[in-house]
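So you know, we letter chains A, B, ... as the sequences are listed, proteins then strands, and number each from 1. Source: prediction; values computed, not measured.
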Protein chains: 2
Amino acid sequence: MNISIGTLATRTGSKVQTIRYYEQLGLMPEPDRTYGGQRRYEQAAIKRLSFIRHARALGFSLDQIRNLLDLADDPARDCASADSIAREHLAAVKAKIAALNSLKRELTRMVECCDGTVTAHCRVIETLANHDLCASTRHETVT
Amino acid sequence: MNISIGTLATRTGSKVQTIRYYEQLGLMPEPDRTYGGQRRYEQAAIKRLSFIRHARALGFSLDQIRNLLDLADDPARDCASADSIAREHLAAVKAKIAALNSLKRELTRMVECCDGTVTAHCRVIETLANHDLCASTRHETVT
DNA sequence: CTAATCTCTACAGTGACTGTAGGTTCAAGA
DNA sequence: TCTTGAACCTACAGTCACTGTAGAGATTAG
């Protein structure tokens with residue numbers, strides 16, 4: 001208990017700045033300070049930060065995480081809300097996978113027709129120049 | 001020919017600001033102007049912008065796209081370079097799909113144990129609180 | 001000619017951090 | 001106890017790829 005911000009960072013796989021950033025956003029509560037003004041965290045902070053980092057790794061936005069944390073903090077927490085957040089997110093993830101799969105198909109096609117040897121025709125650039133391709137993902141940017 | 005920025009935007013499914021942004025970055029060349037100072041584009045601009053938008057939809061970064069455009073602009077263009085950019089990107093896409101699939105499995109598990117009914121136990125929050133879960137995607141954020 | 005629409009520049013904001021500068025505090029070894 | 005070096009502090013700028021805003025000027029259809 002009473003660990004420094006650096007220790008908290010390594011314990012949770014985050015960066016020091018990220019923790020301060022979360023504090024600034026109100027996702028992490030303000031911890032006690034030493035006389036010199038340095039942050040000292042208790043065990044609970046590791047749990048909370050792990051929760052946040054894990055949820056982030058799963059692709060939840062900080063806003064969604066804030067909702068989940070509010071639900072978790074509420075003693076009479078509403079499971080249905082948490083469930084619907086997760087459900088919503090699952091749908092988004094499924095959509096993203098579908099988009100990436102069609103993208104994979106197209107990239108594979110681009111790459112396969114060259115298969116390592118330099119040809120007079122550059123398929124990659126030609127494929128990208130053809131703006132009728134991949135119409136399904138045209139207006140949705142996959143990052 | 002000689003179309004306005006707004007027309008170019010609708011023709012290519014982009015926004016006016018985005019086009020000006022690309023011009024600022026040097027991805028789109030500076031077009032001619034009317035006496036009043038408004039941009040007027042030629043047919044070639046539609047092609048180039050479509051190329052950019054399409055590549056963006058496929059998840060290429062603007063930096064990668066700049067490389068591809070340079071290759072395309074070069075009369076003695078090097079197909080191997082374009083190919084390796086595409087290949088590299090394909091590998092990244094495959095990795096992202098794998099991460100999203102494991103995420104989908106976990107989200108499905110979270111959602112399925114509640115299946116619509118409110119229970120005393122909130123699985124979603126519990127699952128996220130358990131920071132040992134999903135160790136494989138822990139340090140990589142999927143957006 | 002007028003009114004509506006479009007365009008202009010310049011700048012601020014988004015999300016989720018990351019990096020930097022310049023200074024202060026802490027903990028361990030001599 | 002003193003010193004030294006790592007860790008910490010605040011505050012702010014930068015990243016990416018845009019998006020939005022304000023306030024002014026240009027264009028076009030009726």
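In this structure, the side chains of B/Arg39 and B/Arg33 come closer than 4.5 Å at one or more pairs of heavy atoms.
Residues A/Met28 and A/Ala45 come closest through the heavy atom pair CE-O, 3.6 Å. Listed here is the closest heavy atom pair of A/Pro31 and A/Glu23: CD-OE1, 3.6 Å. Of all heavy-atom pairs spanning B/Ile19 and B/Ile5, the tightest one is CD1-O, 3.7 Å. Nearest approach of B/Arg53 to B/Gly13, heavy atoms of both residues: NE-O, 4.5 Å.
Using modelled atom types, one side-chain atom of A/Ser50 and one backbone atom of A/Ile46 make a donor-acceptor pair closer than 3.5 Å. Counting only distance, with no hydrogens or angles, the side chain of A/Arg48 and the backbone of A/Pro29 share no donor-acceptor pair below 3.5 Å. No donor-acceptor distance shorter than 3.5 angstrom exists from the side chain of A/Ser14 to the backbone of A/Thr18, with no hydrogens or angles considered. Without hydrogens or angle criteria, A/Thr12 side chain to A/Leu8 main chain gives a donor-acceptor distance under 3.5 Å.
When the P atom of C/dG15 is taken as reference, atom CD1 of A/Ile65 falls 13 Å away, rounded to whole Å. Atom pair B/Glu23:CD and C/dT7:P shows a separation of 14 Å (rounding to whole Å applied). Counting to the nearest Å, the P atom of C/dG15 and the CD1 atom of A/Ile52 are 16 Å from each other. If you measure from atom CD1 of B/Ile5 to atom P of D/dA26, you get 17 Å, rounded to the nearest angstrom. Between the P atom of D/dC8 and the CD atom of A/Gln17 lies a distance of 11 Å, rounded to the nearest Å. Distance, A/Ile3 CD1 to C/dC26 P: 17 Å, rounded to whole Å. Rounding to whole angstrom units, CZ of residue B/Arg53 and C1' of D/dT19 are separated by 12 Å. One atom, CZ of B/Arg39, and another, C1' of C/dC8, lie 7 Å apart when rounded to the nearest Å.
The side-chain contact (heavy atoms from CB on, under 4.5 Å) test applied to A/Lys104 returns A/Asn101, A/Thr108, B/Leu90, B/Val93, B/Lys94, B/Ile97, not counting sequence neighbours. With sequence neighbours excluded, the residues satisfying side-chain contact (heavy atoms from CB on, under 4.5 Å) with B/Asp63 are B/Ser61, B/Arg66.
If you check residues 24-38 of chain B against DNA chain D, the residues with a heavy atom closer than 4.0 Å are B/Thr34, B/Gly36, B/Gln38, listed by number.
For B/Lys15 and D/dA17, the shortest distance from a side-chain N or O to OP1 or OP2 is not below 4.0 Å. OP1 or OP2 of C/dA16 has not a single side-chain nitrogen or oxygen of A/Thr18 nearer than 4.0 Å.
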Nucleotide N/O to protein N/O under 3.5 Å, stretch nucleotides 2-5 of chain C:
none

Produce the list of close N/O pairs, under 3.5 Å, pairing protein atoms with atoms of nucleotides 28-30 of chain D; give distances to one decimal.
none

Below 3.5 Å is the cut-off: list the nitrogen or oxygen pairs between protein and nucleotides 13-15 of chain D, distance only.
none

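Remark on DNA chain C: of its neighbouring residues A/Tyr21 and B/Ser4, the 5'-side contact belongs to B/Ser4, judged by nearest-heavy-atom nucleotide.
For the residue pair B/Tyr41/B/Arg11, the side-chain donor-acceptor check at 3.5 Å is not satisfied. Checking B/Arg56 against B/Tyr22 by side-chain atom types alone, no donor-acceptor pair falls below 3.5 Å.
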Start with the C-alpha distance between A/Ile3 and A/Gln43, add both sets of side-chain angles, then the distance that settles side chain to side chain contact (heavy atoms under 4.5 Å, CB included), and finish with yes or no.
CA-CA 8 Å; A/Ile3 59 173; A/Gln43 220 59 29; 5.7 Å; no
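Counting any heavy atom pair closer than 4.0 Å across all strands shown, A/Arg20 reaches a base atom.
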